[in-house]
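What follows is a set of notes on a single structure, which appears directly below.
Each chain gets a letter, A, B and so on, in the order the sequences are listed, and its residues count up from 1. On a predicted model such as this, the values are computed, not experimentally measured, just so you know.
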Protein chains: 2
Amino acid sequence: MDSTSDKILAAAKKVFQEKGMAGARMQDIADEAGINKALLHYYFKNKEQLFFRIFSEALNQFFPKIIENIQSEKPLFEKISTFCSAYIEMMLKNPYLPLFIVNEINNHPDRMREIFWQGRENLFLGFTAQVEAEYSAGIIKQVSPANLFLNMLSMCVFPFVAKPMWLIASGMDELQFRFFMEQRKTEVPRFIIESIKK
Amino acid sequence: MDSTSDKILAAAKKVFQEKGMAGARMQDIADEAGINKALLHYYFKNKEQLFFRIFSEALNQFFPKIIENIQSEKPLFEKISTFCSAYIEMMLKNPYLPLFIVNEINNHPDRMREIFWQGRENLFLGFTAQVEAEYSAGIIKQVSPANLFLNMLSMCVFPFVAKPMWLIASGMDELQFRFFMEQRKTEVPRFIIESIKK
DNA sequence: GTCTATAACTCGATAGAC
DNA sequence: GTCTATCGAGTTATAGAC
């Protein structure tokens, strides 16, 4: 069913992700949900509370998959391929997500810090060990794990963050962009593996 | 000398780049400049006008160097090296610039379109020709110019866009980040060239 | 639960003294 | 040029009827 609460959450997600906390208006959210402002406050005490509900959901959609992937037991090349493919696919479905997250973390890094470190130890320990192991095994060249990971993340996420800029500069339209990103699901892993394989 | 107008511009740059158009307050800018709101309006008719002054300067700082570089006559590998090095250096000095630009283009893609296409024809024509020429000459593998360029841009710019997130996830502090990015000035070109060289 | 009406507040902008 | 004081529009949030 599509309860009023659900309608509000869907509307809030759309408006907040497009305009951010500062740019969003409670009126926009009410309009998008097809209700009035008073009812919004009946369900969610204030704008902040509603915002954090949406923001937390966005974080939970974005990060757990990253963490799970890089801590998995798969061989490195396979890990890289599935990571890029799954991430680009997810962002094709939620194109506003990356910029939303990046922005709001930028505005409240302190709050973020708490949410992030819930029982997690150093994210990169396992990944670092794996990269070193595959180097010792002669599978890959010597490479800094932090650089490798950041390169992978950059090439997957940045195109969505900079999408409007890229569309203008490249002259692509929406459909061409979509096709381009579909290609990148395999192009990016190929590019990375080509660079590090021995 | 440090005229009132200069103080305002410096303050506005800081506040707008940190908080964006929607998040910035004229009061913040006045405080930062050590004056009051009325004086702000004496020098700049309204917030929009002040914002566009700052935004235009940011665009002019960001894009001309990209365009000049990719349209230059240098060999590809050299082009990649100087691009990454110069861009990372510039962003180390203006860390808020990339996210500011990306955001405001996102909020007003229409305005941007006009500013951008001032007598410019397809940006990538020359670059595409060069990549194809170096492929024919047996210097590099076959590679899509758009993907190559976007990969390069992503690996240079994204770390600054996602800096607060990266600091939290990696555990780096400001100084370590700076050192890390200094390394990437040579690491990123190496990574790219390793991937495409024959 | 849902609405209308409005209070309370934030913020950009202006008036007017010095 | 610079300030204090204040207006007025736009927004969040609440009161109270149904």
Please work out which residues in residues 41-50 of chain B have a non-hydrogen atom less than 4.0 Å from an atom of DNA chain D and list them by number.
-> B:Tyr42, B:Tyr43

So does B:Glu182 pair up with B:Lys185, basic N to acidic O under 4.0 Å?
-> yes

Are B:Phe16 and B:Phe55 close enough that their ring centers fall under 6.0 Å?
-> no

Identify whether B:Phe179 and B:Met155 are in the same connected component of the hydrophobic contact network (ILVMFWY, side-chain heavy atoms under 4.5 Å).
-> no

Please check if B:Ile193 and A:Ile196 belong to a single hydrophobic cluster, counting links between Ile, Leu, Val, Met, Phe, Trp and Tyr side chain heavy atoms closer than 4.5 Å.
-> yes

First and last nucleotide of DNA chain D, 5' to 3', lying under 4.0 Å from heavy atoms of chain A | D:dT11 to D:dA15

Without swapping roles, check the side chain of A:Asn103 against the backbone of A:Leu99 for a donor-acceptor pair under 3.5 Å.
-> yes

Do the charged groups of B:Arg190 and B:Glu187 touch, with an N to O distance under 4.0 Å?
-> yes

So, for A:Ala30 and A:Lys37, which heavy atoms are closest and what is the spacing to 0.1 Å?
-> CB-N, 3.8 Å

Mind listing the residues from residues 4-28 of chain A sitting with a heavy atom below 4.0 Å of DNA chain C? Number order is fine.
-> A:Thr4

Using modelled atom types only, decide if a donor and an acceptor are shared between the side chain of B:Ser85 and the backbone of B:Ser81 within a distance under 3.5 Å.
-> no

Hey, is the main chain of B:Phe158 close enough, under 3.5 Å, to the side chain of A:Ser154 for a donor-acceptor pair?
-> no

Run the salt-bridge test on B:Arg178 and B:Glu174 with the 4.0 Å N-O cut-off and return the result as yes or no.
-> no

